[in-house]
Amino acid sequence: MLDVTSSAEIGRHYDERAPIGDELRGGQLHMWYWYDRDDDAPLPEAVHRITRKVTDVLGLRPGEHVLDAGCGSGEASLYLARHHGVRVTGVTVSEYELDRARERAVAAGLADVAGFRHGDYMGLPFEDGSFDAVLALESLQNAPDLGQVLGELFRVLRPGGRLAFSDFSLEHAGAEPERVERFMTTLKLPVLPTLPQWLSYLRAAGFDVEEYTQCGPRVFGMKSKYLQAAMDRREGVAGKFGEADIAEFSRLHRGFFAPRRDQIGYVVACARRPR
């Protein structure tokens with residue numbers, strides 16, 4: 001288990017990784033989704049599939065207010081505002097992500113419906129019942145106390161409000177648990193719950209679980225397709241950032257690829273605060 005208690009440390013973690021990741025994935029810093037090895041979707045489209053897959057289960061209605069908890073560089077928030085007609089407030093502990101999200105909102109002409117602020121979801125600066133829905137794309141995984149952060153998200157949701165999230169899960173450590181440990185250390189994960197454990201955390205926080213799926217084989221299981229897609233774009237990215245930055249980015253992510261394909265799952269779940 002990794003002891004991560006500082007939101008500032010998590011912010012620096014993403015500040016170091018986000019610029020090149022942002023470039024590779026079209027402004028989206030979460031995972032990809034390929035149907036099979038013959039799927040020829042480019043990397044930004046494969047990443048956007050996760051955005052759509054997780055946001056679709058929220059059942060958003062025009063005019064609702066959504067909290068994007070761990071909003072990354074803002075692309076998912078802007079997608080929600082543009083395609084679902086909702087108002088979005090995004091929070092992040094990364095200064096880089098915050099700057100890019102605000103820039104994107106202005107460039108897209110959506111700054112009036114998509115606002116971004118520095119915020120730690122362990123203690124959110126919002127009144128009880130402020131939001132109709134919460135989106136958390138691979139952000140819960142870094143919480144030093146999952147019970148506390150889920151309690152905060154429960155608090156800021158109105159009765160009947162929904163939470164949708166995606167995150168990594170442990171399928172099995174197998175005979176090589178050190179591979180999983182390297183993965184967790186690289187991503188600064190204090191814990192790596194199984195799917196049943198994720199659902200238990202939700203229920204313990206007071207949520208009613210309404211939908212969940214395990215799609216690890218099409219996400220982490222397609223890591224070789226990501227590596228190939230990244231290599232195909234390497235020259236262009238290196239031209240923008242330089243070889244030294246590319247080498248450092250690769251070094252920082254080496255442990256991410258340590259587990260076998262069958263060791264790491266990927267959970268998508270939707271839960272509701274009871275009315």
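Quick note: residue numbers are just sequence positions, from 1. Because only heavy atoms are used, hydrogens play no part in the values below, and waters and symmetry mates are left out as well, while side chains stay in. Keep in mind that this is a model prediction, so the values were computed, not measured.
Using a 4.5 Å cut-off between side-chain heavy atoms of Ile, Leu, Val, Met, Phe, Trp and Tyr, with links allowed through other members, V106 and Y96 fall into different hydrophobic clusters. Linking ILVMFWY side-chain heavy atoms closer than 4.5 Å, directly or via other members, places V149 and F207 in a single hydrophobic cluster. In the hydrophobic clustering of this structure, F183 groups with M31; members are Ile, Leu, Val, Met, Phe, Trp, Tyr whose side-chain heavy atoms approach within less than 4.5 Å, directly or through other members. Transitive grouping of hydrophobic side chains (ILVMFWY, heavy atoms separated by less than 4.5 Å) keeps L150 and V57 in distinct clusters. In the hydrophobic clustering of this structure, W32 groups with L135; members are Ile, Leu, Val, Met, Phe, Trp, Tyr whose side-chain heavy atoms approach within less than 4.5 Å, directly or through other members.
No side-chain heavy atom of T92 sits less than 4.5 Å from a side-chain heavy atom of H118. Residues R182 and R179 are not in side-chain contact: their nearest non-hydrogen atoms beyond the backbone lie 4.5 Å or more apart. With contacts defined as side-chain heavy-atom distances shorter than 4.5 Å, the pair L80/L58 does not qualify. Residues T186 and R254 form no side-chain contact, since every pair of their non-hydrogen atoms from C-beta on lies 4.5 Å or further apart. Taking 4.5 Å as the limit, some side-chain heavy atom of N142 sits within range of a side-chain heavy atom of L189. Annotation: side chain of L124 is in contact with side chain of L67 (closest heavy-atom distance under 4.5 Å). Between C71 and V88, every side-chain heavy-atom pair lies at or beyond the 4.5 Å cut-off. Here the side chains of H84 and Y79 are in contact, with some heavy-atom distance below 4.5 Å.
In this structure, E152 pairs ionically with R155, as a charged nitrogen and a carboxylate oxygen lie closer than 4.0 Å. One finds a salt bridge joining R234 and E243 here, because a Lys/Arg side-chain nitrogen approaches an Asp/Glu carboxylate oxygen to under 4.0 Å.
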Discussion item. Could you walk me through whether S77 and R104 satisfy the side chain to side chain donor-acceptor pair (under 3.5 Å) test, starting with their C-alpha distance in whole Å, then the side-chain angles of each, then the deciding distance to 0.1 Å, before giving a yes or no?
Written reply: CA-CA 10 Å; S77 295; R104 280 197 166 95; over 6 Å; no
Item to complete: Would you sort out whether S166 and H30 count as a side chain to side chain contact (heavy atoms under 4.5 Å, CB included), showing the intermediate values?
Response: CA-CA 9 Å; S166 64; H30 50 269; 5.7 Å; no
Practice prompt. Could you please spell out the steps behind the side chain to side chain contact (heavy atoms under 4.5 Å, CB included) verdict for L202 and L163?
Written response: CA-CA 10 Å; L202 289 170; L163 162 69; 3.8 Å; yes
Fill in: Trace of the side chain to side chain contact (heavy atoms under 4.5 Å, CB included) decision for T89 with F126
CA-CA 11 Å; T89 298; F126 306 114; 3.9 Å; yes
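Both cation-pi conditions hold for R273 and F154: the charged atom is under 6.0 angstrom from the six-membered ring centre and inside a 45 degree cone around its axis.
The backbone N or O of C215 sits nowhere less than 3.5 Å from a side-chain atom of T213 that would complete a donor-acceptor pair. Panel note: side chain R102, backbone F116; a donor-acceptor pair is recorded below 3.5 Å. Of the possible donor and acceptor atoms, one in the side chain of K225 sits under 3.5 Å from a partner among the backbone N and O of D39. Side-chain atoms of Q214 come within 3.5 Å of backbone N or O of G216 as a donor-acceptor pair. Between the side chain of R117 and the backbone N or O of V91, no donor-acceptor pair lies under 3.5 Å. Not one N or O on the side chain of T51 forms a donor-acceptor pair closer than 3.5 Å with the backbone of A76. Distance alone, capped at 3.5 Å, places no donor-acceptor pair between the R272 side chain and the E210 backbone. Side-chain atoms of R162 do not come within 3.5 Å of backbone N or O of A133 as any donor-acceptor pair. With hydrogens and angles ignored, the 3.5 Å screen pairs a side-chain donor or acceptor of Q263 with a backbone N or O of R260.
By the 30° and 60° cut-offs, the orientation of the rings of H253 relative to F249 is tilted.
Remark: of the listed residues E181, E171, Q141, M184, M184 is the sole one forming a side chain to side chain contact (heavy atoms under 4.5 Å, CB included) with L192. None of Y212, F220, F168 except one satisfies the ring pair (Phe, Tyr, Trp, His ring centres under 6.0 Å) rule with Y266; the exception is F168.
D208 contributes atom CG, which lies 11.0 Å from atom SG of C270 (distance to the nearest 0.5 angstrom). The CZ atom of R218 lies 11.0 Å from the CD1 atom of I50; values are rounded to the nearest 0.5 Å. How far CG of L60 is from CG of D132: 9.0 Å, rounded to the nearest 0.5 Å.
Around the CZ atom of R87, the shell of radius 6.0 Å holds no more than 12 heavy atoms that belong to other residues, nucleotides or ligands. More than 12 heavy atoms of other shown residues, nucleotides or ligands fall within 6.0 angstrom of atom CZ in F256.
Heavy atoms only, all atoms of each residue included: P193 and L146 are closest at CG-CD1, 4.0 Å.
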